[in-house]
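Notes for the one structure printed next.
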Amino acid sequence: MSTITKDIVEHEAPDLFIGGEWKAPHSGRMIASIDPSTEKVWAHVAEADETDVDRAVGAARAALRGPWTQKVTASQRGAMLSKLAELLRRDAKALAMLESRDNGKPLRETLGEVQRAADWLTFFAGAADKINGDQIPFRPDALAYTRREPVGVVGAILPWNSPVSLYSWKLGPALAAGNTVVLKPAEQTPVSALALGKLIEEAGFPAGVVNIVPGFGPVAGAALVAHPGVDKISFTGEHRTAQEIMRGASVNLKRCSFECGGKSPHILFADADLDKALVVATHGAFRSTGQSCSLGSRLFAQRSIYDVVVERMAERARRIRVGMPLDANTHIGPQSSAEQLAKTNAYIALGKEQGARLVAGGGRPAGLERGYFVEPTVFADVDNRSRLAQEEVFGPVLAIIPFETEEEVIALANDVPYGLVAGLWTQDIGRAHRVAARIDAGLVSINTYRPVHWMLPYGGYKMSGLGRENGLAALDEYTEIKTVVVELATNSPADPFAD
Ligand code: NAI
Ligand code: MG
């Protein structure tokens, strides 16, 4: 067991990370974190309230005025991010273990996630000293240029479904661009954020550049949103929370970027390479126990292949191994919380009530009496206007929907409030690009699904979000553009107020 694991599991509950120090919470309260595979409390961490958030924002503001922006060079910021990536790789196993216990994802998945988080940080480490402004040919006798300055103090509010990945999505571009950060992990999965705090300390970031304050949404989250010392909120979670954040952030016109989930269409035209498509569609629909914003949760199959698709997807869903997160055989673990399991079960009940045809799953997997487990579930003949097709379940529940024509499936695909990702399978190159152009989504994939990668801009249309993460586009969300104009002419300016 590595020291970070020991600190968290065996010793006192880890404190809040504020201004480079580990501080006891103002209220003295602790968050009890539950292992979703056993339903038992397995760790305690400090719980931040408004006072702690205020201290963290103060530390982040002080760091912003200090050496971080005045002395540390852009290349040095990059080097610190590289170092952090290296430490994640060094401690990958311990971190993955923490995350699997806290969130319930299988170890092989969390291990991959930690490695990828390191890759994400490495990408932004390399970008840190390439954030250039422009020189603009405004007038021959003037010098005009832009500076890309950090937005300031970033409040990062994280969900519970993929904590480690999302720390890197937020910290990478925020720190590369020279911001300071107050990070609030989700109350359901606060543990890995504090382990990350230990590594941030070790990587040598100046005190206050990153502060970590686990706490509840309506308390610590809302305090961060309301705080006049926070310049930007970067949020991932439910769109209703994003709407509330947008209202709260209006106090000082905080910049906001949101990533809010979806109900993504995955379209199989009759000429698709079905063997490949069904492998990918199964992963796309059930990965991470369905707790993914980019889930291909609406599978559209063209009429002539519809029955085959239904039969084969049901069969593939039944073969998925649901099990304990630390078991190497497990494909998917439990849902991350009792609330999420209840939500998933409610949608399964709704699907049955509203006349969809249940062809796989729908219950608790045999042999798993405790834990927030649910079977991979497939409904066929789903009405695209039904709630099962319109609302994000965030569980392993797939809706299969038939269609006849290209025109029809574009209309159906777009007929949801969301627009995060979409996938389509066809051998017809013209159709592939026609459909890609007309689908309302921030990421469309052809003959593959959901290629989420540090190099590729990612974000939503419509209710799926605001702004982009990943790729160099992410840096725009973390910089202000300042235009500077210098007069070079030697003659006196014309005086509009002359006598
Ligand atoms: P949520 O949006 O309530 O929570 C996400 C984060 O926001 C947490 O850190 C939470 O503490 C914080 N938060 C909650 N209320 C806040 C407020 N008033 N001000 C500031 N911060 C606040 O999501 P929740 O309730 O955990 O999950 C509900 C559903 O949301 C899921 O079933 C799923 O459909 C969707 N969701 C989508 C995610 C995505 O990746 N896009 C991630 C998590 C949830
Ligand atoms: Mg909520």
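As the structure lists them, so they are numbered: ligands from 1, and atoms in each ligand from 1. Numbers here simply count residues along the sequence, with the first being 1.
Using cut-offs of 30° and 60° for the angle between ring planes, the Trp454 and Trp120 rings count as perpendicular.
The closest non-hydrogen atom to atom 14 (C) of ligand 1, taken over Ser162, Gly217, Ala222, comes from Gly217. Nearest to atom 8 (C) of ligand 1 by heavy-atom distance, out of Ile245, Val225, Leu158, is Leu158. With Glu238, Glu391, Glu392 as candidates, the residue nearest to atom 25 (O) of ligand 1 on a non-hydrogen basis is Glu238. Taking all heavy atoms of Tyr418, Trp160, Phe394 into account, the minimum distance to atom 37 (C) of ligand 1 is reached by Phe394.
The contact set between ligand 1 and Glu259, taken as ligand atoms under 4.0 Å from a residue heavy atom, comprises 41 (N). Listed by atom number, the atoms of ligand 1 under 4.0 Å from Ile157 heavy atoms are 6 (C), 7 (O), 9 (O), 12 (C), 20 (C), 21 (N). In the vicinity of Glu244, heavy-atom distances shorter than 4.0 Å reach the ligand 1 atoms 18 (N). Taking every heavy atom of Lys343 and a limit of under 4.0 angstrom, the matching atoms of ligand 1 come to 29 (C), 31 (C), 32 (O), 33 (C), 34 (O). Against a heavy-atom cut-off of under 4.0 Å, Glu187 is close to the following atoms of ligand 1: 8 (C), 10 (C), 11 (O). When each atom of ligand 1 is checked for a heavy atom of Asn161 under 4.0 Å away, the hits are 40 (O), 42 (C). Counting the atoms of ligand 1 from 1 in the order shown, those under 4.0 Å from a heavy atom of Pro159 are 42 (C), 43 (C). Below 4.0 Å from some heavy atom of Gln340 lie the following atoms of ligand 1, by number and element: 31 (C), 32 (O).
Comment: Lys40 does not engage Asp35 in a salt bridge, judged by the lack of any side-chain N to carboxylate O separation of less than 4.0 angstrom. The pair Glu369-Arg364 does not count as a salt bridge, with every side-chain nitrogen at least 4.0 angstrom from each carboxylate oxygen. A salt bridge links Asp119 with Arg89: the distance from a Lys NZ or Arg NE/NH1/NH2 to an Asp or Glu carboxylate oxygen falls below 4.0 Å.
Between Pro365 and Pro376, every side-chain heavy-atom pair lies at or beyond the 4.5 Å cut-off. Considering only heavy atoms from C-beta on, Leu175 stays 4.5 Å or farther from Tyr478 through its side chain.
Between the side chain of Ser464 and the backbone N or O of Gly261 there is at least one donor-acceptor pair closer than 3.5 Å.
Residues Glu113 and Ser165 bring a donor and an acceptor atom of their side chains to less than 3.5 Å of each other.
Contacts between Leu224 and ligand 1, counted as non-hydrogen atom pairs separated by less than 4.0 Å, are absent for every part of the residue.
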